[in-house]
Number of protein chains: 2
Amino acid sequence: MPKRVDHEERRTQIADAFIRVAGRRGLHAVGMRDVAAEAGVSLRLVQYYFETKEKLLFYGVQHLTDRFTARVGTRLAAAGTDPGPRATIEAILLASLPTDEEGRTFHLLYSSYSILSVTDEALAAQPFLDNPDAAENALTGLLEQAQASGLADPGADARTEAISLLAMTATMGTGILVGQRSPESAIGVLHHHLDRIFVTAETAVAEEGPI
Amino acid sequence: MPKRVDHEERRTQIADAFIRVAGRRGLHAVGMRDVAAEAGVSLRLVQYYFETKEKLLFYGVQHLTDRFTARVGTRLAAAGTDPGPRATIEAILLASLPTDEEGRTFHLLYSSYSILSVTDEALAAQPFLDNPDAAENALTGLLEQAQASGLADPGADARTEAISLLAMTATMGTGILVGQRSPESAIGVLHHHLDRIFVTAETAVAEEGPI
DNA sequence: TTCTTCGTGATACGACCGTACCATGATGGT
DNA sequence: ACCATCATGGTACGGTCGTATCACGAAGAA
């Protein structure tokens, strides 16, 4: 047998190139030849590892979520060992905000895929919509945990607040992308709501008092 | 001179066809020939009234916001003469939610244009981003007015809450589009926050008490 | 009536894109 | 040493898309 190359590694390399060019010129504008040039390989190679453009598109969204998951993991690790629920939630939300080049690419492409899936049923059937639900469940769990620890307002609806935080983060992220909103403004709004949900110790005691 | 046709009316007719096909197949998939077929005219006609596809695209987003403004106006009129600030805000937010076919098209296309403007600087230079700021200012004013009337929590930050409500509406609208969230769930979240901001009369009096 | 100009149609052109086809090293098992 | 097979490159084909070109009917102005 001949050279035996690690196919999965090559696919990753090409998918990375795909994400780079898509992040630069937009998902709609990316072509097979662009990906090949960006990856430094021939057009034939891209065809060889992804027979069709549709398969490259599908592999791309999977690779994108993998890399985003890794990004969140890194941020969480940087938050120190066993950070509180609030620090954990903040890390997740801030990692989703396009405040750096990587975050910008993530947000742009994830939004593009979402919008595209509305009119492309083959893409909609692809299981990449698991992520929003996963994030929603994770935040809900963290909020409930905070409530049990007396860190968060016990009267709050954990799931509703989780949905709200994620929804605000997403739209404000787009606002940052189009230059309508500054990252500081977005972070300020998020902090405002976190301050509202995560009561300070004294406030918690006071609220648990007379009622 | 020959037949003298109302150009603006023809442009509106073609732009409507453009919006219909774009809402059905996605903004990225719409071609000049599709628009012509949908409008029941020849390809040449579309070229005649919009020399280039880019101009059709730009005219389309303007026409879209015009129609959306009219939609909001209709909803407000249906809310009765001089509704309270809360009813007004609710009408604006619910009009933005894709709960019917028209709303679905509006949300899909407006999101598509926004994402497209990130990587298309010619589109980004087009003044269609005025709308988000206008809505934000309108909601901020309504909230301040409600605070002055004692209808809303005087301790709330009107602009922050306006930004939050609009941001949540937008993301949850996309959630509805992709089938991830139900309209009822989205409306429920919005009501939750409106209930939080718009305190009842008794609560308002209580809060203005001891402090 | 005639003529100029607007409105409309049919069709052609050039570019690009995804895909298919053909060719050829390279390599490791037998 | 040989050859089956994997990896890779070059190139061609069919289709579509935006745009340009040519042509003609219609109608008001002279």
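To find a chain, count down the sequence lines: A is the first, B the second, and so on, and within it residues start at 1. Values below: every heavy atom of this structure, side chains too, minus hydrogens, waters and symmetry copies.
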**Message:** In this structure, how many angstroms lie between the P atom of C:dC17 and the NZ atom of A:Lys53, rounded?
**Reply:** 9 Å
**Message:** Whether the B:Thr12 and B:His63 side chains hold a donor-acceptor pair (N or O, under 3.5 Å, no angle test) is what I'd like checked.
**Reply:** no
**Item:** B:Glu8 atom CD, neighbour heavy-atom count above 12 within 6.0 Å
**Value:** yes
**Prompt:** What is the distance, rounded to the nearest whole Å, between atom CG of A:Asp6 and atom P of D:dT8?
**Reply:** 11 Å
**Message:** Tell me the interatomic distance from A:Leu56, atom CG, to C:dG18, atom P, rounded to whole angstroms.
**Reply:** 10 Å
**Asked** Which whole-number value in Å describes the distance from A:Arg10 CZ to D:dG9 C1'?
**Response** 13 Å
**Prompt:** CD of B:Glu90 to CZ of B:Phe198: how many Å apart, nearest 0.5 Å?
**Reply:** 9.0 Å
**Complete:** Between A:Ala29 and A:Gln47, whichever has its closest DNA chain C nucleotide further toward 5' is A:Ala29
**Request:** Five pairs at each end of the helix from C:dT1-D:dA30 to C:dT30-D:dA1: take the axis at both ends and give me the angle between them to 10°.
**Result:** 10°
**Item:** Pair B:Arg86 + B:Asp195, salt bridge at N-O below 4.0 Å
**Value:** yes
**Message:** How many whole angstroms separate atom CG of B:Leu27 from atom P of D:dC17?
**Reply:** 15 Å
**Prompt:** Taking for each residue the nucleotide of DNA chain D with the nearest heavy atom, is it A:Arg33 or A:Arg44 whose nucleotide lies nearer the 5' end?
**Reply:** A:Arg44
**Asked** Are B:Tyr110 and B:Phe68 an aromatic pair by the rule of ring centers under 6.0 Å?
**Response** no
**Prompt:** Any side-chain N or O of A:His7 under 4.0 Å from OP1/OP2 of D:dC6?
**Reply:** no
**Message:** OP1 or OP2 of C:dG7 versus the side-chain N and O atoms of B:Tyr48: is any pair under 4.0 Å?
**Reply:** yes
**Prompt:** Taking CZ from A:Phe50 and C1' from D:dA7, how many angstroms apart are they, rounded to a whole number?
**Reply:** 15 Å
**Request:** Check whether any side-chain nitrogen or oxygen of B:Tyr49 sits under 4.0 Å from OP1 or OP2 of C:dG7, and answer yes or no.
**Result:** no
**Prompt:** Can you check the A:Glu51 CD to C:dG18 C1' distance for me, whole Å?
**Reply:** 14 Å
**Asked** Any side-chain N or O of B:Thr52 under 4.0 Å from OP1/OP2 of D:dG18?
**Response** no
**Request:** Between B:Leu45 and A:Leu43, name the one whose nearest nucleotide on DNA chain C is closer to the 5' end.
**Result:** B:Leu45
**Asked** Could you give the CZ-to-P distance, from A:Arg11 to D:dT8, as a whole number of Å?
**Response** 12 Å
**Request:** Answer with yes or no whether the side chains of A:Arg44 and A:Gln47 bring together a donor and an acceptor at under 3.5 Å.
**Result:** no
**Request:** Evaluate side-chain hydrogen bond (donor to acceptor under 3.5 Å, both in side chains) for A:His107 paired with A:Thr174, printing each intermediate quantity in order.
**Result:** CA-CA 7 Å; A:His107 193 94; A:Thr174 303; 3.0 Å; yes
